[in-house]
Visitor: 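Take this structure, written in structure tokens, and hold onto it; I'll ask about it next.
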Amino acid sequence: MIEKQVKDTIKKYHLIGKNDKVFVACSGGKDSTTALYLLKKLGYRPEALTINLEIGEWSKRNLENIKEFCEKEKIPLHVVEMKNEFGFSMCYIRSLIQKRAKLKNCTICGTIKRWLMNKKARELGATKLVTGHNLDDEAETTLMNFFKNNANGFTTMGPKTGIIDDSKFVQRIKPLYFCLNKDVTAYSKKMKFPVLYEKCPCSSDSFRRSIRNELDKMGPKAKRNIVNNLLKILPDIKKSYFPNRKLRYCSVCGEPSRNEVCKACSLINIIKEK
Ligand code: AMP
Ligand code: ZN
């Protein structure tokens with residue numbers, strides 16, 4: 001079932017073209033590992049990209065699992081080390097930022113991860129970057145954006161993210177878009193993938209958790225309805241909120257940005273401020 005859903009999603013939304021070089025952003029979790037496995041099985045010759053965040057034992061075990069999986073499946077693996085990129089682990093960078101700004105763990109980690117993933121994927125020649133987001137993730141994020149009146153949040157939604165084609169921006173795609181979280185878990189367990197099923201020990205998003213709990217009570221149909229309705233209005237939301245479709249480049253790092261300085265550099269600037 002998962003396999004067919006992934007195949008149909010790629011076809012229906014034209015996620016991957018003949019000349020695409022596909023990279024999968026691998027966290028070591030069940031979703032990105034399943035995506036990597038299925039893309040290989042479907043003949044897309046994916047490569048794996050992982051960021052070693054150095055969140056203690058948790059990162060260590062994830063990295064071991066990814067290495068084991070890629071070796072077994074003969075998939076090229078690229079490991080990006082936080083310490084080589086920034087000189088520090090994610091935990092340390094986060095603690096420095098949080099001394100000066102009241103920001104959630106996942107906000108800081110997510111921003112830096114996305115910045116690094118785009119940069120590294122592009123440097124490695126990727127034309128598509130797969131993430132493991134599934135139907136539950138998308139339904140939750142949809143509601144969170146509405147509850148928080150966060151129109152910007154919609155730019156990363158849909159099976160293909162983004163609003164503009166830009167040579168410095170590697171389009172992110174979500175082949176597990178219509179797969180239920182519970183089905184991915186069951187598949188990953190059935191296939192005996194070497195993955196951790198517990199979430200990141202630094203995970204701090206209580207708002208997402210409470211929405212997840214409510215949606216779980218409502219069941220799969222409610223989740224599908226939310227996502228299917230989102231897809232009906234998403235093109236109009238993207239058009240009306242971002243009419244001039246221009247992406248700028250960050251004046252600090254040169255990466256694609258919607259503002260003068262990108263979000264990642266704004267975070268790093270907090271540390272540098274005296
Ligand atoms: P998250 O934001 O942690 O829910 O992760 C969303 C997606 O980002 C995952 O499904 C992965 O595809 C990717 N991802 C998360 N963490 C990492 C990581 N450390 N390295 C590479 N990709 C990651
Ligand atoms: Zn920047």
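Counting starts at 1 for both ligands and their atoms, in listed order.
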Visitor: Among all protein heavy atoms in this structure, tell me which lies nearest to atom 14 (N) of ligand 1, with the distance rounded to 0.1 Å.
Guide: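 Looking at atom 14 (N) of ligand 1, the protein heavy atom closest to it is S27 CB, 3.8 Å.
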Visitor: Identify, by atom number and element, the atoms of ligand 1 in contact range of S32, meaning under 4.0 Å from any of its heavy atoms.
Guide: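 The atoms of ligand 1 under 4.0 Å from a heavy atom of S32 are 12 (O).
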Visitor: Can any side-chain N or O of S59 pair as donor or acceptor with the backbone N or O of G56 at less than 3.5 Å?
Guide: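 Looks like no, no N/O pair under 3.5 Å.
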Visitor: Only heavy atoms count here, so choose which of K113, E54, H78 is nearest to atom 1 (P) of ligand 1.
Guide: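 Checking each option, the heavy atom nearest atom 1 (P) of ligand 1 is found in K113.
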Visitor: With a 4.0 Å cut-off on heavy atoms, is G110 touching ligand 1?
Guide: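 Outside the 4.0 Å threshold, so no.
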Visitor: Just say parallel, tilted or perpendicular for the rings of F69 and F193, cut-offs at 30° and 60°.
Guide: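 It falls in the perpendicular class, over 60°.
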Visitor: Using the ring of each side chain (for Trp, its six-membered ring), is F147 parallel, tilted or perpendicular to F207, with breaks at 30° and 60°?
Guide: perpendicular
Visitor: Using 4.0 Å as the upper bound for N to carboxylate O, is an ion pair formed by K217 and E214?
Guide: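 A salt bridge links E214 with K217.
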Visitor: Tell me the nearest of V24, I51, L53 to atom 20 (N) of ligand 1, using heavy-atom distances.
Guide: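 Residue with the shortest heavy-atom distance to the ligand atom: I51.
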Visitor: For ligand 1, which atoms sit closer than 4.0 Å to a heavy atom of T50?
Guide: 20 (N), 21 (C)
Visitor: Which residue holds the protein heavy atom closest to atom 7 (C) of ligand 1, what is that atom called, and what is the gap in Å?
Guide: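 Protein heavy atom at minimum distance: H133 CE1, 3.9 Å.
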Visitor: Can you find a non-hydrogen atom of L49 under 4.0 Å from ligand 1?
Guide: yes
Visitor: Could you check whether H133 and E138, counting side-chain N and O atoms only, form a donor-acceptor pair closer than 3.5 Å?
Guide: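 Not at all, the side chains of E138 and H133 share no donor-acceptor pair under 3.5 Å.
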Visitor: Can you list the atoms of ligand 1 that are under 4.0 Å from a heavy atom of T131?
Guide: 12 (O)
Visitor: Before moving on, can you tell me the angle at the Zn ion (ligand 2) between the SG atom of C250 and the SG atom of C253, to the nearest 10 degrees?
Guide: 110°
Visitor: Short question: side chain of T156, backbone of G153 - any donor-acceptor pair under 3.5 Å?
Guide: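 Flag set: sc T156 to bb G153 pair under 3.5 Å.
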Visitor: Closest non-hydrogen protein atom to atom 12 (O) of ligand 1, residue and atom name please, with distance?
Guide: A25 O, 2.6 Å
Visitor: Check whether any side-chain N or O of N118 sits under 3.5 Å from a backbone N or O of W115 as a donor-acceptor pair, and report yes or no.
Guide: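 No, N118 side chain to W115 backbone: no donor-acceptor pair under 3.5 Å.
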Visitor: Report the part of C26 (side chain from C-beta onward, or backbone N, CA, C, O) that has a heavy atom under 4.0 Å from ligand 1; answer both or neither where that applies.
Guide: backbone
Visitor: Looking at the rings of F154 and F146, which for Trp means the six-membered one, are their centres under 6.0 Å apart?
Guide: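 Yes, the ring of F154 comes within the 6.0 Å limit of the ring of F146, centre to centre.
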Visitor: For atom 10 (O) of ligand 1, what is the closest protein heavy atom, and at what distance to 0.1 Å?
Guide: G132 N, 2.9 Å
Visitor: At the Zn ion (ligand 2), what angle lies between atom SG of C262 and atom SG of C265, rounded to 10 degrees?
Guide: 110°
Visitor: Can you tell me which residue among K263, R248, R122, K120 is in a salt bridge (charged side-chain N to carboxylate O under 4.0 Å, His left out) with E255?
Guide: R122
Visitor: Counting only N and O atoms by type, is there a donor-acceptor contact under 3.5 Å from the side chain of S32 to the main-chain atoms of S27?
Guide: yes
Visitor: Got a protein heavy atom sitting under 4.0 Å from atom 4 (O) of ligand 1?
Guide: no
